[in-house]
Amino acid sequence: MRRGLIFDIRRYSVHDGPGIRTTVFFKGCPLSCWWCHNPESQGRTPFIHYERDRCLRCGSCVAACANGALTMTPSGVVVDVERCRVDGACVLACPAQARETVGSSYTVTELLREIERDQLFHDQSRGGVTFSGGEPLLQWAFLLDTLRGCGERGIHRTVDTTGFAAPRILLQVADETDLFLYDIKTMNAELHRRTTGVPLAPILANLERLLARGARVRVRLPLIPGVSDSFDHIDKAGDFLAERGGVEAVHLLPFHRAARSKHDRFGLPWRLTKDGELPKERIQEMSRRLEGRGLHVTIGG
Amino acid sequence: MNDRVARLRRRSFEATPTLSTERAEIVTRFYRENEGRYPVPVMRALAFKELCDKKTIWIGEDELIVGERGPAPKAVPTFPELTCHTAEDLRTLDRRANTRYATDDDAVAVYESEVIPYWRGRSMRDRVFAHVSRRWLDAYEAGVFTEFMEQRAPGHTALDGLLYQRGLLEAKGQIAERVARLDWLDDPEATRKAEALRAMDVACDAAMRFAERHAELAEKMALDESDPERREELTHIAEVCRRVPAHAPRTFHEALQAYWFAHLGTITELNGWDAMNPGHLDQHLRPFYERDLADGTLDREGAKELLECLWVKFNNHPAPPKVGVTAEESGTYNDFTNINLGGLSRDGEDAVSDLSYLLLEVVDEIRLLQPQANVQISARTPDRFLKAACRVIRKGYGYPSVFNADTVITEQVWSGKSVEDAREGGTSGCIETGAFGKEAYFLTGYLNTPKILELALNDGVDPASGKRIGPPTGDPRSFASFEDLYDAFETQLCWLIEVKVEANQAIESMYARYAPAPFLSVLIQDCIENARDYNDGGARYNTSYIQCCGIGTTTDALSALRTHVFEGPFEMAKLLAALAEDFESQEPLRQLLVNRTPRFGNDDDRADDIMRRVYDSLFRAIDGRPNTRGGRYHLNMLSTTCHVYFGTRVGATPDGRRACSPISDGTSPAHGADRHGPTAVCKSLGKMDQVKSGGTLLNQRFLPQVLEGDTGIERLTDLIRTYFRLGGHHIQFNVVDTETLRDAQARPEEYRDLLVRVAGYSDYFVDIGRDLQEEIIARTAQESM
């Protein structure tokens with residue numbers, strides 16, 4: 001049976017589509033956005049995260065590692081990446097949950113069982129499941145099987161995607177998806193390539209394909225300082241969406257410092273130079289400009 | 001709220017609780033002069049009449065609803081016939097930091113010269129402690145259980161609609177008619193019944209006299225009043241007090257005053273638990289409200305003003321002072337009146353009306369400690385009402401609490417009540433289920449379930465004192481399997497329940513014999529017809545509850561033992577040694593127990609199956625035992641604040657809980673145990689067969705941001721509706737403040753379950769970076785400004 005790599009499953013998720021949802025986070029992403037809120041999701045393989053503040057310095061992990069990859073130092077545990085096989089022995093041995101495997105393998109059946117746990121909540125709230133990431137389309141075969149399983153069970157399916165995938169795959173997924181949450185990071189192609197690592201054109205082309213096919217799509221515009229917080233970007237995005245038509249809603253997502261804090265936790269470099277949140281009035285003005293083009297806008301969510 | 005209410009509210013809020021000896025003096029003098037002259041019930045009724053006749057009558061500035069139990073607002077009387085405080089008790093009440101009652105030297109002097117010399121050895125408290133067995137005392141002192149009736153009378157009741165249809169003159173007619181039907185030839189109980197009925201008759205006279213004195217005072221004040229508007233109000237108050245409670249009320253104002261006199265009568269006669277409760281207030285008042293509105297004699301604002309005047313009266317009545325263990329299990333001024341809104345009517349229709357919404361507005365704007373309010377949500381209740389309640393909850397006062405009317409009804413039908421009586425029933429106190437106006441449901445005391453497990457781990461000996469408390473069930477180091485351990489736990493449980501019930505039976509009988517409640521008996525259905533007192537099985541239904549605390553901690557501790565000892569690598573001896581030293585040198589082991597044990601509240605069957613088993617053991621040990629009033633014992637899962645007191649009596653537990661820290665509250669998961677969000681908690685709770693209890697309690701903590709906007713309200717109502725589809729009895733929400741978040745930073749382990757809205761998504765507070773925590777705290781503080 002096919003297996004997928006999942007790094008988190010969150011229940012009572014209330015901002016990732018309609019109703020109460022179970023959000024499944026797929027590991028691995030073709031993009032490497034500077035502001036990524038889930039930087040631990042980017043790599044395609046599992047790794048072991050070490051939370052230094054929780055560590056008791058008890059040495060249980062060092063003793064448990066059969067590969068001799070761990071050493072205790074006064075400042076905490078140090079790992080020899082050459083020797084570490086990510087077998088999770090140290091995670092099981094750690095009493096304090098200071099070591100955590102990021103990325104666990106699930107079969108479709110196992111994943112469906114987790115999703116179905118909250119089915120009564122989904123039913124009540126007209127919610128369902130949201131596949132997010134990372135980029136769920138990267139594990140498209142597993143995603144398709146899971147989407148089909150949800151469809152058979154009458155579970156509402158949302159896919160939260162960057163849109164960076166082969167068109168054939170995206171359209172296949174669209175056959176099994178009830179709602180897309182579709183990100184546009186920036187309308188500036190050069191900036192897009194530089195800050196996300198991938199070109200913009202295929203993403204916009206894929207969005208056009210989805211709309212042409214009549215898929216339900218809500219577009220998300222994250223407002224990243226210095227990247228996508230200008231009126232110019234909003235106007236361009238607004239023009240693009242208004243011309244194509246068929247977008248159900250546009251979500252303006254105010255930037256939040258949470259992303260930076262998470263980069264620090266995972267020891268990843270922070271490359272965004274501008275910081276701080278946009279004033280409320282500016283976001284409202286952006287919203288007005290989009291609404292002026294006949295688009296339905298919500299702030300947040 | 002209007003200016004009048006704002007002034008009344010402020011005065012009530014600012015008044016200091018003081019101790020008044022007026023009641024003690026009147027009762028003591030009366031008893032001294034009349035001792036031995038009358039049968040006990042009649043003596044009680046006459047003492048009540050003496051109080052109604054002699055006590056200071058208070059009508060305050062601005063008031064529309066009148067009457068105080070004490071000589072002035074927040075002047076709290078004592079009940080020496082139940083608990084005779086010592087001079088030292090009184091000084092402690094005056095000095096203690098929490099729930100203080102200002103007590104002056106004169107009060108102490110009166111107690112020393114008059115009250116104590118008479119009541120010492122005669123009070124119910126003294127009688128109870130003189131009766132109980134050594135093994136009861138040992139278990140009580142070890143913190144295995146508490147005893148509700150050792151210093152307050154039973155009560156725990158609420159009223160149905162009878163009060164609004166029948167005046168006390170009519171009740172006197174019913175009593176006379178019942179006396180006429182006494183079968184003196186063939187009924188050996190006829191004398192006892194005649195005494196009970198005579199007492200009820202006297203109690204009616206007493207309550208009417210009490211109202212009449214308010215009418216007299218109001219008339220006198222009207223004569224002296226220079227402001228014509230106030231003069232008219234006082235004249236109207238006098239008219240109302242001449243009408244009720246002698247006759248049935250005709251107007252909204254009369255209905256409220258009728259209730260308030262019933263309330264005051266009950267809490268003056270005896271010091272029953274949970275004061276008194278109007279029950280389904282919106283349903284009872286609805287006919288008066290609609291009629292007055294149609295007549296044009298009342299408008300919505302006028303109705304609101306009267307309701308808010310009543311709310312202030314509740315707040316003027318702090319719980320009478322508690323001492324000792326009872327103060328620890330219930331250390332609050334709140335006297336637990338809990339008004340029910342919504343629910344179903346007697347014939348099963350949705351009972352929400354405009355008045356229900358108006359009452360929610362009152363709850364929202366008055367923001368006083370008392371009374372509490374809850375909403376009863378049935379599958380038939382419209383979402384609009386639940387959402388209106390959620391908007392109040394979101395403001396973070398912690399109320400209204402939310403009950404599943406359908407489960408509350410099923411619980412009652414299951415325990416033998418008619419479905420109509422069950423629908424008229426609801427929730428009183430905190431979460432207790434009862435048939436309002438028809439049932440005497442006594443809470444007999446809390447049970448410390450984790451302590452019982454501790455005894456099973458110590459062969460029946462309390463490790464804190466070295467005393468034997470339970471039967472010897474063997475050295476746990478010799479247990480070959482989890483089943484051996486569980487057997488020991490069950491053996492301890494059954495044995496200790498019997499120790500408790502033995503004493504309960506005697507205490508109930510003592511109340512029936514020495515402390516009847518004739519006025520309350522007039523209000524509760526079937527006491528007149530049965531010619532028996534409320535405290536003597538006179539009500540239509542008679543239940544005794546034992547409230548079991550700490551099922552979350554017990555489940556986690558058992559789960560830890562199974563996972564790490566019986567199915568894991570640890571020796572029982574090693575674990576017991578770590579518990580004995582409170583994990584002093586064993587922090588890694590403690591963390592392992594905390595983090596690597598399947599725990600209750602995560603929708604994890606490995607833990608939830610243990611919870612089900614413990615619940616079933618509690619049920620089998622308690623449910624169905626006969627009490628002394630013709631009714632039966634039932635299980636209840638309430639803890640109030642007793643989980644904190646009980647925690648101080650339990651050493652470190654195998655779930656990694658440190659010695660003396662609180663055990664889990666109600667049926668909530670242990671603090672920090674639930675790590676998969678509120679839906680997982682609801683699923684775990686859904687596995688408990690809740691209808692077999694008389695109430696469970698689930699606390700959930702949310703940050704205001706999680707509930708933001710219409711979406712937040714919708715998701716909250718969806719969560720509640722789904723929990724109720726899973727059979728949940730009750731859920732309440734704590735929308736947290738900055739102080740809590742600071743504490744969460746200092747002790748993150750305790751707050752593992754605290755959900756916060758970070759940005760476009762929610763996260764666990766303790767799992768996000770320090771800087772982000774600071775940011776959220778700043779945001780919350782802004783919101784609360």
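In what follows, chains carry the letters A, B, and so on, assigned in the order in which the sequence lines appear, proteins first and then strands, with residues in each chain numbered from 1.
Nearest approach of B:Arg596 to A:Cys94, heavy atoms of both residues: NE-O, 3.2 Å. A pairwise comparison of heavy atoms in A:Arg11 and B:Asn602 identifies NH1-O, 4.3 Å as the closest pair.
Interface summary for chain A: among B:Asn595, B:Leu592, B:Leu719, the most heavy-atom pairs under 4.5 angstrom belong to B:Asn595. Per-residue heavy-atom pair counts under 4.5 Å with chain B were compared for A:Gly19, A:Gly127, A:Ala93, A:Cys58, and the maximum is reached by A:Gly19. Of all the listed residues (A:Arg126, A:Glu51, A:Arg117, A:Arg54), the one sharing the greatest number of non-hydrogen pairs under 4.5 Å with chain B is A:Arg117. Per-residue heavy-atom pair counts under 4.5 Å with chain B were compared for A:Val91, A:Thr22, A:Asp123, and the maximum is reached by A:Val91.
Considering only heavy atoms from C-beta on, B:Leu726 comes within 4.5 Å of A:Phe121 through its side chain. Contact annotation: the side chain of A:Val14 never approaches that of B:Thr711 to less than 4.5 Å [non-hydrogen atoms, C-beta and beyond].
Both the backbone and the side chain of B:Arg715 come within less than 4.5 Å of a heavy atom of chain A. For A:Ser13, no part sits under 4.5 Å from any heavy atom of chain B, backbone or side chain. The contact between A:Leu56 and chain B is made entirely by side chain atoms (from C-beta outward), counting heavy-atom distances below 4.5 Å.
In this structure, OG1 in B:Thr722 is found 9.5 Å from OH in A:Tyr12, a value given to the nearest 0.5 Å. For the atom pair CG (A:Leu120) and CZ (B:Arg721), the distance works out to 13.0 Å, reported to the nearest 0.5 Å. The CD atom of A:Gln124 sits 13.5 Å away from atom OG1 of B:Thr679, with the distance rounded to the nearest 0.5 Å.
The 12-atom threshold is not exceeded at NE2 of B:His676, counting heavy atoms of other residues, nucleotides or ligands nearer than 6.0 Å. The number of heavy atoms from other shown groups lying within 6.0 Å of CD (B:Glu584) does not exceed 12.
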